[in-house]
Structure formats: C-alpha cells, structure tokens
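Report on one structure; see the data block that follows.
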Amino acid sequence: MCPLRLIPRIFLFDEGEIAPEVRAQRVLNKGRLPALTRYILDNPDDYVFSALTASVDGDVTFESIGGEGVATRAGQIRVPMAARFLINDGQHRRAAIELALKDNPDLGDETIAVVFFHDAGLARSQQMFADLNRHAVRPSRSIGVLYDQRDDLAALTRLLALKSPVFKHHVEMASSTLSARSSKLFTLSALHSANQSLLHGLKLEKKAAQDVAQAFWERIDMLLAEWQMVRKRAMTAPEVRREYIHSHGIALHALGRVGNTLLRDSVDPRAWGPRLEGLSAVDWSRSNPAWEGRAIIGGRVSKSHTQVTLTVNYLRRALGLPLSPEEQRAEDAYQRGEA
C-alpha cells in the first residue's frame with residue numbers, strides 16, 4: 001500500500017514524444033483526467049481505484065522474516081534509492097491522483113495498492129501492458145447505470161424502468177444491446193440517454209425531475225399504439241423492434257431532445273402535453289422512406305450524432321417546432337444529399 005502523496009514523486013511513465021515501438025504503454029489521454037480527478041475530489045471518503053502495476057528497475061532484494069516453512073514467504077523488499085519505478089498499468093489514475101492532491105493535499109495520507117514486478121527490459125514491459133489489457137472488457141453502459149448509486153439521473157432511470165407502467169418488465173437492465181429474440185423493448189442505457197436529453201439544463205429538484213420524466217413518457221406512450229400493444233400482448237417486442245423504430249435508442253434520444261424544448265417553456269403537463277399530439281401522425285415504421293438517411297442507413301438503424309440530429313429535425317417539423325442553427329445546418333446538408 002503506497003501513500004498517495006508519494007505516487008507522483010516515485011512512479012513514472014513515458015511522457016515524452018517518442019515512437020510507440022519504444023514506449024512501455026499508451027500515450028496519456030489528458031482528456032480523461034478531469035473526470036477522474038473530479039471523481040476523487042467529490043468522493044474523498046469512498047472513491048475506489050484498482051491497484052497500480054509498476055516495474056522496478058534496480059537491484060531488488062528480498063529478506064525473509066523466517067528461516068523455514070511459510071515464514072520464508074513473508075519479509076521485506078529492499079529497493080535502492082536510485083531505482084526507477086515505471087507504471088505499466090494505471091498511468092491515468094496516477095496523473096489524476098497528482099491533480100487531486102493539488103486541490104486537496106489531505107488526500108496524501110490515503111493509500112492505493114501497488115503490484116510490483118522486477119523490470120526485465122522494454123520488451124517485457126510492453127508484453128506486461130499487452131497482457132494486462134488483452135482481456136479487459138468495458139462493462140455495458142446499462143450495467144453502469146444500473147449500479148451507479150451516486151448519479152441522480154441513473155437513480156431516476158432505474159426507478160422508471162422498475163416502476164413506470166410504460167417501462168416495467170420491458171427494459172433490458174444489463175445489456176446495452178437487444179438480441180433479435182429479446183422480449184424487451186428498450187435498454188436501460190437508451191432510456192438513460194433519453195432522460196439525460198429530456199432533463200438537460202432544467203433546474204428541477206429530484207422529486208420534480210422524476211415526476212416530469214414519468215409524466216412525459218406516459219404521454220409519449222399514449223401516442224404510440226405499438227408500445228401499448230406489447231403490454232397487452234397484441235404484438236411481441238421483437239415484432240415491434242423489427243417493424244418500427246420508436247423503441248430504438250435513437251428514437252428515445254430524439255424524443256427526449258424534443259421534449260426538452262417543450263419543458264423549457266413550461267414543466268406543466270397541461271402546457272406541453274397537447275403540443276406532443278403531432279407525434280400521433282408520425283409514421284414510425286421502418287418502411288417509411290423518410291427515415292432513410294435520418295434514422296436508418298443502409299437498412300440499419302444508426303445512432304450517430306448526425307442521425308440523431310436529423311431524426312430530431314423530423315420530429316420537430318411534425319410538431320411545428322423551429323430548428324436550432326446546428327440542426328438547420330444538418331438538415332441543409334441532408335437535403336443536399338451530403339449527410
């Protein structure tokens with residue numbers, strides 16, 4: 001266990017502008033550091049970091065505390081003062097710790113686990129990095145939302161998925177993709193993104209945000225007969241996903257953005273509810289040629305930034321809402337066949 005205050009002083013990584021083939025790990029992505037640093041500073045009592053992995057370049061010796069049996073496996077490692085510690089895995093954690101200590105020096109007495117290896121040269125260090133990251137799999141976004149106990153928006157999304165009559169029993173909680181035969185209509189990650197768009201910039205208390213989100217999606221549900229038909233078992237979820245786009249992430253995201261525009265004028269359902277009526281006339285079927293190039297590219301639903309914007313544009317026009325300058329530029333490019 002190493003005190004955090006020592007991490008920036010003794011653990012190094014290849015920061016120079018040198019070729020990848022003579023580096024021991026990837027280049028530091030400084031764009032990741034603000035979020036990692038803020039995570040430490042916002043959660044000083046319960047942040048969680050996995051161990052750093054470092055190589056020691058020096059004449060390392062081990063002195064056992066016992067002469068026989070298991071006692072020979074415990075003792076002290078002696079490392080020369082001139083030894084060099086090179087981080088093989090954890091350089092972003094190390095850099096974030098250094099930045100966090102500048103804002104909150106009291107964190108210096110905290111500790112982090114470090115796994116040490118004896119440095120056997122560049123080739124070995126490169127192989128260690130490859131081995132450590134070879135089978136690393138980022139958890140799905142849905143799992144991240146499901147397990148996140150800090151974020152109010154994640155809590156709101158879980159509540160809707162588990163309690164709302166619109167989503168209850170129809171949200172895939174673990175995976176961010178749905179198999180062709182899945183009995184679910186939505187993924188938790190897609191619903192989370194939609195709620196993020198819906199509530200963006202609105203200054204609402206937690207309970208008010210929950211009420212607004214639930215009221216909005218219940219209103220949308222009233223305008224989408226196929227969602228209701230799945231609950232009534234008149235259609236199956238695979239049929240709806242195969243024939244319509246309104247349960248896909250791009251549609252939920254677009255609906256959230258359109259809803260955000262209405263909610264900025266008023267969060268009272270009596271004000272924004274009737275303004276959504278135009279959605280009942282939207283042809284959500286995949287066969288609608290209007291979706292090609294917007295929500296669908298080459299026969300497949302696409303959720304790129306441009307496709308989301310073009311889908312939002314289509315819905316805004318259906319509701320008689322103006323386009324933002326960015327949306328208008330995307331629409332002009334689409335109309336010229338450049339999207």
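We number each residue from 1, following the sequence as shown.
- Neither side chain, T53 nor N88, offers a donor N or O lying under 3.5 Å from an acceptor on the other.
- Distance alone, capped at 3.5 Å, is enough to place a donor-acceptor pair between the R241 side chain and the S179 backbone.
- Heavy atoms of other residues, nucleotides or ligands lying less than 6.0 angstrom from OH of Y47 number more than 12.
- Nearest approach of S176 to S140, heavy atoms of both residues: OG-CB, 3.6 Å.
- Here the closest heavy-atom approach between residue P8 and residue L101 is recorded as CG-CD1, 4.1 Å.
- Electrostatic pairing of D42 and R150 does not count as a salt bridge here, judged by no charged N lying under 4.0 Å from a carboxylate O.
- No chain of hydrophobic side-chain contacts below 4.5 Å, direct or via other Ile, Leu, Val, Met, Phe, Trp or Tyr residues, connects L262 to L323.
- Q214 and E218 are linked by a side-chain donor-acceptor pair at a separation below 3.5 angstrom, with hydrogens and angles left out of the test.
- I112 and S50 get closest at one heavy-atom pair: CD1-O, 3.8 Å.
- Here CZ of R9 is found 10.5 Å from CD of E98. Values are rounded to the nearest 0.5 Å.
- Between V56 and A83 the shortest heavy-atom distance is CG1-CB, 4.1 Å.
- When the shell of 6.0 Å around CZ of R78 is examined, it contains 12 or fewer heavy atoms from other residues, nucleotides or ligands.
- Residues A161 and L188 approach most closely at CB-CD1, 3.8 Å, considering heavy atoms.
- Heavy-atom contacts from other residues, nucleotides or ligands closer than 6.0 Å to CE of M235 number more than 12.
- The neighbour count for H118 NE2, taken as heavy atoms of other residues, nucleotides or ligands under 6.0 Å away, is above 12.
- Distance check: F116 CZ to L52 CG gives 8.5 Å after rounding to the nearest 0.5 Å.
- Under 3.5 Å, the side chains of R317 and N313 contain no donor-acceptor pair of N or O atoms.
- Inter-residue side-chain proximity for T306 and Y334 is flagged as unmet; no heavy-atom pair is nearer than 4.5 Å.
- Considering all non-hydrogen atoms of both residues, A96 and L36 come closest at CB-CB, 3.6 Å.
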Exercise. Kindly indicate, with the supporting measurements, whether the criterion side-chain hydrogen bond (donor to acceptor under 3.5 Å, both in side chains) is fulfilled by H253 and S193.
Key: CA-CA 6 Å; H253 192 160; S193 295; 5.5 Å; no
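- Listed for the S197 side chain is no donor-acceptor partner under 3.5 Å among the backbone atoms of R257.
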Quiz item: Under the ring pair (Phe, Tyr, Trp, His ring centres under 6.0 Å) criterion, do F186 and W227 qualify, and how do the steps go?
Solution: CA-CA 10 Å; F186 320 96; W227 288 12; 4.9 Å; yes
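- Heavy-atom neighbours of R73 CZ from other residues, nucleotides or ligands within 6.0 Å: at or below the threshold of 12.
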